Protein chains: 2
Amino acid sequence: MATLSDVATRAGVSVSAVSRVLSEKPGVRVSVATRQRIHDAAKELNYRPNFTARALKSSRTHAVGLVVPGVTNAIFAELMRGVEEEARTKDYMVLIASTERLPEGEESIPRLMGEGRVDGVLVQFGDHLSGDDLRTVTDSGLPVISINTINPGKGGSVRVEDEAGMRLATEHLIELGHARIGYAGGVPTSESGQRRLAGFMEAMATAKLTVEPELVTDFGYYPKQGAQALDAMAELSTPPTAVVVANINAAHGVLSEARRLGIRVPEDMSIVAMHDTWTAEIAWPPLTCVRLPLYELGRAAMASLWDNINSGTAEDRVIADPAPELIVRESTAPPAR
Amino acid sequence: MATLSDVATRAGVSVSAVSRVLSEKPGVRVSVATRQRIHDAAKELNYRPNFTARALKSSRTHAVGLVVPGVTNAIFAELMRGVEEEARTKDYMVLIASTERLPEGEESIPRLMGEGRVDGVLVQFGDHLSGDDLRTVTDSGLPVISINTINPGKGGSVRVEDEAGMRLATEHLIELGHARIGYAGGVPTSESGQRRLAGFMEAMATAKLTVEPELVTDFGYYPKQGAQALDAMAELSTPPTAVVVANINAAHGVLSEARRLGIRVPEDMSIVAMHDTWTAEIAWPPLTCVRLPLYELGRAAMASLWDNINSGTAEDRVIADPAPELIVRESTAPPAR
DNA sequence: CTAGCATGATCAAACGATTGTTCACGAGTA
DNA sequence: TACTCGTGAACAATCGTTTGATCATGCTAG
């Protein structure tokens, strides 16, 4: 790898001259001839600035961390795609840090943040991490954008319209004629989960429908927990005729559990899920979903982080464009009556 | 952020003493008392070594690049999980570089490799990148491990038993009584695609079954291309009674296309797919698959890269443990006869 | 009594780039 | 002629660590 001084030697000039010419700062006084020789030498040696040296001098790594609960789900994938793409336009790289199955006392997150590896961090907290964890992250002093969680005081955040989305899902079932509607939500500590539940309650209240406490569960967003939720509801003397599932991953679990229990979807029970990933189409029956702009969320998160890094501004943004959209497939139908 | 010299000041010793003590090199002569003061000071200041400075001095970034065709599929997710986990045990971080939708003339890959950001690279080539691209990557001088592609001469590689896996899939159909079997493969330039096709041909030959050229397609590994393959076969005067799909993502496309065309699976046509990701279970019907050790492939790739980085060895490894395994679900059945 | 030596610690150079400061030189002015 | 000033370029310090070389000290051995 050619260094600045290699180029300088070849061009017969000083290192600083090369640095100034190649970094193209405005207002540098270098003659046209020298400039040319430097450019030629750089090209001939295929010079590329050394990232570590640059980072050390400028304390900018041009990398951000993306802390996510796991990488093996379609929601992450969409988010990730947005982050990646925005990062590319900003000339940044993305370091993935999965908090899935992190051994107790694992240091990787604090190290990621404390060792100057990244200029900032994007955090999406999963079910198994608490607000305390978020605080250790935001207290690190690094610019942080939290995804789908608004943290008090520190850092910025970016989220989607969970309430509106959930209202859309619930209203769809109500319009189909369902009255006894179940809710399979996220864990109680999840902020987005609380907002989604609120959206559900709101839609039910508006329609003057009562919400039986036994029909509201909060096991979590994973397939297994979706299955758990369905089990709990199926056990009731009169199970719901429809269920709103607050996350599509959980909805996949609901679907397989339904199959196992001999519950036909949508004949015996309608299912509508939050998030529209590509897996909704391959499921059977294809899932009726509410699309939230996850890709855009990823882009916005990265864009916000960039702003935060460069100007220290930290705002809480709600991504409302495109608005939540109901995508009707085959998992919902009018109740059997 | 506390630096070495902050710690040194606080402990009343020199910077080099601190460096030596904290890096715990064997055979450093430091008194117990000094050692203790240094450790105390470091703890009090919450000292963490600056990664960029370290990287500059040692030319080791403790980061590797993972170049993949895309991040929104379950195969990537499994692989990624393996890479991540192995990287963690090796104290390495993973930088994702997706080649999906890279604008023409994009510099991100060469830059990733040329600027000393990473100690090595893991490359999985997709359909849209050629052998030339692989060469530009391997020619960079960085340690490279290619995943599922053996590249001539340079770098190491790691792959799974494609032939054996494909034989397993094909034999399953043969055992069920199918004779007119279609094959939906990857693009012809794909090495793993060639191996899979070979496995298919081999199994057919062993069973003394003829392979009609019109039943062998090579559109690619994506859902749309799977759909395309099915379209081509469905047009034939006598379509196959079963199809081997060389990639589960393509198989999902086959399944939805079958639904669209009114082809019942498995009654009218059996489908067996390569790779067993979680999406196989949520599909309808749940897909009969051959499980290849993708997670282990990811781990092995990272482990090989680590070896390569540290000792310059480059070998071509085949991950045979666990062996390919047939997972029978509901997309295969005996032919209608 | 002093040369020799292990011990415990500091000095200082280096990694590659950035950047404020200085310097040499020739043109323009008094 | 002597002075200033602008121009084009080099000098040198710095970022935080690592590491070979050096040095001061107290002890043992000849």
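Lettering of chains follows the sequences in order, A, B, ..., and the numbering in each one begins at 1. On a predicted model such as this, the values are computed, not experimentally measured, just so you know.
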**Asked** Under 3.5 Å, is there a donor-acceptor pair linking the side chains of A/Tyr222 and A/Asn73?
**Response** no
**Fill in**
Atom CG of A/Leu4 and atom C1' of C/dC15 are separated, to the nearest Å, by 13 Å
**Asked** Nearest to the side chain of B/Thr34 - D/dT14, C/dA9, D/dT18?
**Response** C/dA9
**Asked** Checking all strands, does A/Arg60 fall into the base, sugar-phosphate, or nothing category for heavy-atom contacts under 4.0 angstrom?
**Response** nothing
**Asked** So what does A/Ser19 touch, heavy atoms closer than 4.0 Å: a base, only the sugar-phosphate, or nothing?
**Response** base
**Message:** From the set C/dG8, D/dC11, D/dT17, return the single nucleotide nearest to any side-chain atom of B/Ser31.
**Reply:** C/dG8
**Prompt:** Has B/Lys25 got a side-chain N or O lying under 4.0 Å from the OP1 or OP2 atom of D/dT19?
**Reply:** yes
**Prompt:** Under 4.0 Å between a Lys/Arg side-chain N and an Asp/Glu carboxylate O for B/Arg299 and B/Glu296?
**Reply:** no
**Item:** Rounded distance in Å - CZ (B/Arg54) to P (D/dT19)
**Value:** 10 Å
**Request:** Verify whether one side chain among A/Ser16 and A/Ser19 offers a donor that lies under 3.5 Å from an acceptor in the other.
**Result:** no
**Prompt:** Reckon A/Arg29 touches a base, only the sugar-phosphate, or nothing at all at heavy-atom distances under 4.0 Å?
**Reply:** base
**Request:** Figure out the CZ/C1' separation between A/Arg35 and D/dT7, and round it to whole Å.
**Result:** 13 Å
**Complete:** Separation of C/dT18 atom C1' from A/Asn50 atom CG, nearest Å, is 13 Å
**Asked** If only side-chain N and O atoms of A/Ser14 are considered, is one of them under 4.0 Å from the OP1 or OP2 phosphate oxygen of D/dA10?
**Response** yes
**Asked** Could you state the CE-P distance from B/Met1 to D/dC15, rounded to the nearest angstrom?
**Response** 15 Å
**Asked** For B/Arg48 and D/dT17, what is the distance between atoms CZ and C1' respectively, to the nearest whole Å?
**Response** 17 Å
**Item:** Euclidean distance, atom CG of residue B/Leu22 to atom P of D/dT17 [Å, nearest integer]
**Value:** 10 Å
**Request:** Figure out the CG/C1' separation between A/Leu56 and D/dT17, and round it to whole Å.
**Result:** 9 Å
**Prompt:** Under 4.0 angstrom, heavy atoms only, what part of the nucleic acid is B/Val13 near: base, sugar-phosphate, or nothing?
**Reply:** sugar-phosphate
**Item:** Below 4.0 Å: OP1/OP2 of C/dT10 and any side-chain N or O of B/Ser16
**Value:** no
**Item:** Salt-bridge present (B/Arg81, B/Glu84; N to O < 4.0 Å)
**Value:** no
**Prompt:** Contact class for A/Phe51 vs. all strands (heavy atom < 4.0 Å): base, sugar-phosphate, or nothing?
**Reply:** nothing
**Between A/Tyr92 and A/Glu86, a side-chain donor and acceptor under 3.5 Å** = no
**Asked** At under 4.0 Å, does any side-chain N or O of A/Arg20 touch on OP1 or OP2 of C/dT18?
**Response** no
